[in-house]
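Protein chains get the first letters and strands the later ones, always in sequence-line order, with residue 1 at the start of each.
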Amino acid sequence: MSKNLRITNNNFIDQTSRISFKFDGKTLYGFKGDTLASALLANNIHLVGRSFKYHRPRGIMTCGSEEPNAILQIGNDSSMTEPNTRATEIELYEGLEASSQNCWPSVNFDIGAINNFFSPLIPAAFYYKTFMWPANFWKLYEYFIRKSAGLGRSPTEPDKDIYDHRYLHCDVLIVGGGISGIMAAKTAAKNNLNTVLIDDKNILGGTTLFQQNECFKINNSYSNEWLKKEIETLNSFNNLTIKTRTTLAAYHSYNYLLARENLTDHLDLKDKKDKIRQRLWKIRAKKVIIATGAMERPLIFDNNDRPGIFLSSSIKKYIDFYGVKCGQKISLFTNNDSAYETAISLNNRGVSVNSVVDIRDKTNSLIVKQVEKLGIKIHWKSSVINTNGYKKINCIEIMKLSDDGTAAVGKKINEECDCLGISGGWTPRVHLFTQSGGKLKFRDEDNVFLPDKSELSQISIGSCNGDFELDEVVKNSVNLTNKFLNVNNNDYENLEIIASKEIDKKNIWLLPSDKPLGKTKPFLDFQNDSTANDIKLALREGFKSIEHVKRYTTTGMATDQGKLSNMHALGIIAETAGVKMGELGTTTFRPPYTPLTFGAIVGRNVGEFFDITRKTPIHDWHVKNKAEFENVGQWKRAWYYPRSNENMHEAVQRESKAARDSAGILDASTLGKIDIQGTDASEFLNRVYTNAWSKLEIGKCRYGLMLNEDGMVYDDGVTTRLSENHYLMTTTTGGAANVLSKMEDYLQTEWPELDVYLTSVTDHYATVSICGPNSKKILSKVIPNLDLSDKKFPHMSFKNALIDNIKCRVMRISFTGEHSYEINIQSSYGKSTWEKCIDAGKEFNITPYGTETMHLLRAEKGFIIAGQDTDGTMTPVDLQMDWIISKKKYDFIGKRSLYRSDTIREDRKQLVGLLTDDPKEILEEGAQIVSETNKQPIEMLGHVTSSYFSPNLNKSIALAVLKNGKKLKGQKMIVPMKDKKINVTVTDTIFLDKENKRLNA
Amino acid sequence: MFLINCPYCGERDQSEFSAGGEAHIERPKQPTELSDDQWAEFLFMRKNIKGIQYERWNHTHGCRKWFNMVRDTSNDKIHAVYKMGEKPPVK
């Protein structure tokens, strides 16, 4: 550590606890309380990165979240390294490893810096313009551009850190713990309001915390001493929560805010383990007070980006707060009074100030007079027109300004320096205010956008509201807070405040040079390397909207989101285009205010609990019997049950053959089940299904098709009439929740007069489906006293029964075309019932089958699966299911749409069967169907929706939707694939047992 | 993220609700009497206003009740919520 760069007496840095850290592989030392930036500066390291486009050497420029240059890679662990972090915000900890980005082989010798020499050839939008053509070369260009773009490295392995989310509700949220925020917090807390104060720094107090200056006193104390006592009083309030190291990231409507709290980032490497790293607070505040302060603006002149050039207020913070000298011979360049505060702080600490260059005519405020008294040279009405020094500034060139400020005149003075502080005035941090939907107004006098109107219960106080003088900050903050909270805190009445007040204001967005503009490099956006020239180029090329200029030049689009550059970009556009800034408006400020880690956004890694996994009561049996599972919505469904080395195809062939030859058993518990009761239940079903329900006998089941109001098939399933006013509806597995919601919607909004009650009972019952020629024999063993004769228990009917005294409902319904039964029993008996059926079926080789076999079996019969063979564009007529549309019913959901001009078109896509000429060839689901391949463009006539190899038919079968398909039966079609064309014939949709003989076998 | 005052449950976070499009579009009592154009008007045509809009909302993860809302789409301010079947507050 260069000892002479660190001031010894300092209240904020614990100089007894030394911390070692690494930068670009070199071990360095700092102290507890340092940021990475202050520690680097104390080690005389200014050059920390290379700029994005021209690879120019760049140094630390600020001391906060607006830092554009000191963007570093933290850590080198492949799972926890973090790119693009601001050195000015990283608290130093033992074991910290940081490295510079965007340079190779090193920050000191960077090959990419050759771009700087070619910079006249790389203007704004260079990449857009150059790599447009030839179009098919893009693939080649992209590879190289991507390699040279980007800043840091992403981690390559999963993040091992723990993140967390929590909710927080409060009466008042105060964002920003500077002098205004602290007074507001105390006022709110004193009035018994549940108050939360957050600040992104590790310590409250803002910039007043280190403002020890004769020109700024409150009640005869330095403002920092007065504030320190105020902060101490905050500890006495139980109803005040203070959160430091917490950044307000987003401010949404209805005072919903997101704040990221850093919990371990400042801890020594060894202490971070197993602790929550960052927590995202989801805050709902009744009232919000924004006290986020202001950011100092840079000045825009030739070569204003060299390492060693700082915002002047940052130099002040480094010396006053961190005890670090940014240089030994410091020059200051300003258009306002705040650089004079820096001059006094430096002087107090024994750092020589070369001079202050001020673009204004001589001004006589209290603080200026004091600087003059100290004997510091002031160049009035002058400008720094250029700087020198490649890797570190070593000289500035000063010239007088013409009266109108547009030209540099007179003799050029060269002034040697090793550091330059620049101050272009202040920009209120209105980001959060605008994020929340607030509208801004423009104050011409000092060129600031200020909060104007908002719909939310919020105010902005302090310098983010445009108060830059200490006495105004105090007075206005107190008044606004009292009024906003409807309280009367008189703690701050009659405060005696001494404050130097700025008398003269002057601003020049783009300072003149003695060279033509094209020969200069006045940087606006330091991180994205866009200059004032780029803005002017964009305007010359016809871009007018600020949003377009921003995107064309990429000004304000770097990771700092233009915190430092936006105002100057606006100013230069307004000036060049001859419009008023207030009319030009700003670009949109979007959350997050500073970048958030993905971890903070995602929250805790809860593994399998991330989403609900629904398992049937029989799930354990499937696991034990080695089923492969398929996700259907949130359900885990048994997909197939491979034996020994079977693959899926082999297992499915075996399962489906067994189901047709003897007996199969399926866990159908996931099917949606909705209990429908009420005196109008039948009428209700009449309205939601396409077919008629009033005449369905008690104890009978019926298949129903549900449409959307647009006439398209929505869902299907079998509904059973349990008693006069009691039905049990089944839906598809994936459609259950939507069907219930849709029916509730109609009942509540369109037909509130109907007496109908809906209850989802999907999870209440397990469903065991047994099918195949031997299913009757098996069921008779499980429920011996149930008469299973076709006469007593025909297809599409239901019986109440008992299995070992447990009530169950048995439906004789079939989705496979086989004689089959579905046993519905309370969930808790599902597994035992399943096992009973398996036992009873052993002698018949009962074979458990999964969803894949179920799909195959139903496809053999041409039964549709809503959502697979339909996609929201198929009417029942398209599905060749005209039989299910009641002609007698006056109305049902979707009926009127079935004879709109579009739905009665005959050439709509219709469901058909397809057989491949080669019976062994299995079509790919989703494959396109065409009639010929010679004439281009080839018309896509349809696509395959379901496709299987049927072991029962010993050939490949498929369902497809095909334009005008009904009339194309028997026609040849082609299914073109990547490497071949498959010849197919259009057929009927039913491939097996057209006469339904098997149902009663 | 809105704070929505469900007419049945009180103030709740928006994440409990789902939006259901424009309100006060009554399903025609006699759809079969309507021309294609009239039916299409009911079926497809929805307003998308910048300003005061009448909307249907459902307290999906709460009481599951549908209700109506008057919302200014330009600033998301909710001016009123009222039960299904109730008259909208005067503009």
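Proximity to chain A (any heavy atom under 4.5 Å) is shown, for B:Ser18, by neither the backbone nor the side chain. Looking at B:Asp13, both its backbone and its side chain come within 4.5 Å of chain A, counting heavy atoms on both sides. Contacts of A:Asp902 with chain B are absent, with no heavy-atom separation under 4.5 Å from either backbone or side chain. A:Tyr746 touches chain B through its side chain: at least one heavy atom from C-beta onward sits under 4.5 Å away, while N, CA, C and O do not. Contacts between B:Ile4 and chain A at a heavy-atom distance below 4.5 Å are absent for every atom of the residue. At a 4.5 Å heavy-atom cutoff, B:Phe67 makes no contact with chain A through either its backbone or its side chain. Proximity to chain A involves both the backbone and the side chain of B:Trp66, based on heavy atoms less than 4.5 angstrom apart. Of the atoms belonging to A:Tyr167, not a single heavy atom falls under 4.5 Å from chain B.
Most heavy-atom pairs under 4.5 Å with chain B: of the set A:Asp891, A:Asp710, A:Leu456, A:Asn255, this distinction falls to A:Asp891. Of the listed residues (B:Gln30, B:Glu26, B:Met84), the greatest number of heavy-atom pairs within a distance under 4.5 Å of chain A belongs to B:Gln30.
Between A:Lys282 and A:Glu261 there is no salt bridge, since no side-chain nitrogen of the basic residue lies less than 4.0 Å from a carboxylate oxygen of the acidic one. Comment: A:Glu744 engages B:Arg64 in a salt bridge, judged by a side-chain N to carboxylate O separation of less than 4.0 angstrom. By the 4.0 Å N-to-carboxylate-O rule, A:Asp763 lies close enough to A:Arg614 to be salt-bridged with it.
Residue-environment remark: CD (B:Glu11) exceeds the threshold of 12 foreign heavy atoms within 6.0 Å.
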Worked verdict on B:Trp57 versus B:Gln14 for side-chain contact (heavy atoms from CB on, under 4.5 Å): CA-CA 10 Å; B:Trp57 281 77; B:Gln14 186 189 343; 4.1 Å; yes
